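Each chain gets a letter, A, B and so on, in the order the sequences are listed, and its residues count up from 1. Note that the structure is a prediction, hence the values are computed from the model and not measured.
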2 protein chains.
Amino acid sequence: MADRKPIESTSTAQDPLKQKGLSVTGSRRKILQLFMQQKGALSHRDIEKKAGAVFDRVTIYRTLQTFLDKGIIHAIPSAGNAVRYALCQGQCGPGHHDHQHIHFICSRCKHTFCLDHSVTPDLHLPKGYQAQDIDVLVKGVCQQCSTTSK
Amino acid sequence: MADRKPIESTSTAQDPLKQKGLSVTGSRRKILQLFMQQKGALSHRDIEKKAGAVFDRVTIYRTLQTFLDKGIIHAIPSAGNAVRYALCQGQCGPGHHDHQHIHFICSRCKHTFCLDHSVTPDLHLPKGYQAQDIDVLVKGVCQQCSTTSK
DNA sequence: TACAAAAAAGCAACAAAGTTGCAAAAATCT
DNA sequence: AGATTTTTGCAACTTTGTTGCTTTTTTGTA
Ligand SMILES: [Mn+2]
Ligand SMILES: [Mn+2]
Ligand SMILES: [Zn+2]
Ligand SMILES: [Zn+2]
């Protein structure tokens, strides 16, 4: 007896990963935790840095893909080559994402935020175009940056 | 005399490149032409393929950057790693882009379109957030794909 | 038209981002 | 605790994007 401590599970069944039907591993725990500790969205690169050199790059890619598949995180498009990811709010699940909020990209601090209480507006599309999914990206100055300094 | 044919210039001054203050070169001509022949948006990759192996990859990157700077094309964000580009409509210029249209990404044919006569809607943002620029991305089925077949 | 100056293209080398197959390790199930 | 399934790490590779430098092309001017 004495040590063993498989992965440090609080109780057992109410693990958020378990609930989504995922096995609980160190990298998944850590990456999920990073998202939860974070106000803004994270890129693959951000995670690599924040996690330290503990996990392989490939593991991070695969974990992000798994989280996407299970409806735990969603991808936020970007010009430039830096897709970012953020936690889903609740109605998402395996193979099914449903987001109605706006994404805000601060041109000062460069962070990306989910504006959780915003709603994507109704759009008028030309005849023949059928919308399935809408992403609204707003670039500007975030709350933090517009109050802090200048 | 006989041949020389510097770059095949129709008349001289009314070249769209000249008008934007750019020198006229083979790659700029060709790439601009590709955009004009095209209904949808083009990625760097698309251009590489359509241009054949005539131009160096680096030249294409630099040409795209130049066109962006001069307000000739605009970048369309994307999840996944494939930023696309499309011609600007007119009010754009050096260091200044102003677009009010919606971008439509067809999940069937995978093409990206500028919906030129659409308008980005007014948004209600939380207090403290100041919008500078808005991108609306709609994923769905395009006109072509929704009439053609099925 | 010819020449000098300025700009762009091509090349090479590199950096960053993303993918795949496979063997070892860890998590789960019984 | 042991067998089974899943995930991880590693290596090798592809794709995408960047930078410095030299050669070539374009442009403006004589
Ligand atoms: Mn979001
Ligand atoms: Mn457009
Ligand atoms: Zn900010
Ligand atoms: Zn289509």
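When the P atom of D:dT16 is taken as reference, atom CD1 of B:Ile47 falls 13 Å away, rounded to whole Å. We find that CG of B:Leu68 is positioned 14 Å from C1' of D:dG17, with the value rounded to whole Å. For B:Ile31 and C:dA8, the CD1 to P distance is 13 Å, given to the nearest whole Å. Regarding A:Asp15, its CG atom lies at a distance of 12 Å from the C1' atom of C:dA27, rounded to whole Å. Straight-line distance from the CD1 atom of B:Ile60 to the C1' atom of D:dT15: 14 Å, rounded to whole Å. Separating the CZ atom of B:Arg29 from the C1' atom of D:dT25 is a distance of 14 Å, rounded to the nearest angstrom.
When the side chain to side chain donor-acceptor pair (under 3.5 Å) test is applied to B:Gln132, the partners found at least two apart in sequence or on another chain are A:Ser107.
Residues A:Phe104 and A:Phe113 place their aromatic rings such that the two centres sit no closer than 6.0 Å.
Note on residues 82-95 of chain A: pairs passing salt bridge (Lys or Arg N to Asp or Glu O under 4.0 Å), not counting sequence neighbours, are A:Asp46-A:Arg84. Counting only residues at least two apart or in different chains, side chain to side chain donor-acceptor pair (under 3.5 Å) contacts with residues 49-68 of chain B comprise B:Gln65-B:Asp69. Residue pairs that meet the side chain to side chain donor-acceptor pair (under 3.5 Å) test with at least one member in residues 96-105 of chain A, sequence neighbours left out, are A:His74-A:His101, A:His74-A:His103, A:His97-A:His99, A:Gln100-A:Thr120, A:His101-A:His103.
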Distances for protein N/O vs nucleotides 6-9 of chain D N/O pairs under 3.5 angstrom?
from, atom 1, to, atom 2, distance (Å)
D:dT7, OP1, A:Arg28, NH1, 3.0
D:dT7, OP1, A:Arg28, NH2, 2.8
D:dT7, O5', A:Arg28, NH2, 3.4
D:dT8, OP1, A:Thr25, OG1, 2.8
D:dT8, OP1, A:Ser27, OG, 2.4
D:dG9, OP2, A:Asp56, N, 3.4
D:dG9, OP2, A:Thr59, OG1, 2.8
D:dG9, N7, A:Arg62, NH2, 3.1
D:dG9, O6, A:Arg62, NH2, 2.6

Collect all protein-nucleotide pairs involving nucleotides 15-18 of chain C in which both atoms are nitrogen or oxygen and the distance is under 3.5 Å.
from, atom 1, to, atom 2, distance (Å)
C:dA17, OP2, A:Arg45, NE, 3.3
C:dG18, OP2, A:Tyr61, OH, 3.0
C:dG18, N7, A:Arg57, NH2, 2.7
C:dG18, O6, A:Arg57, NH2, 3.2

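Counting heavy atoms from C-beta outward, B:Arg28 and B:Ser23 have side chains that approach closer than 4.5 Å.
Nearest heavy atoms, B:Ile76 versus B:Ala86: CD1-CB, 4.1 Å.
Residues B:Lys139 and A:Asp135 are not paired through a salt bridge, judged by the lack of any N-O separation under 4.0 Å between the basic side chain and the carboxylate.
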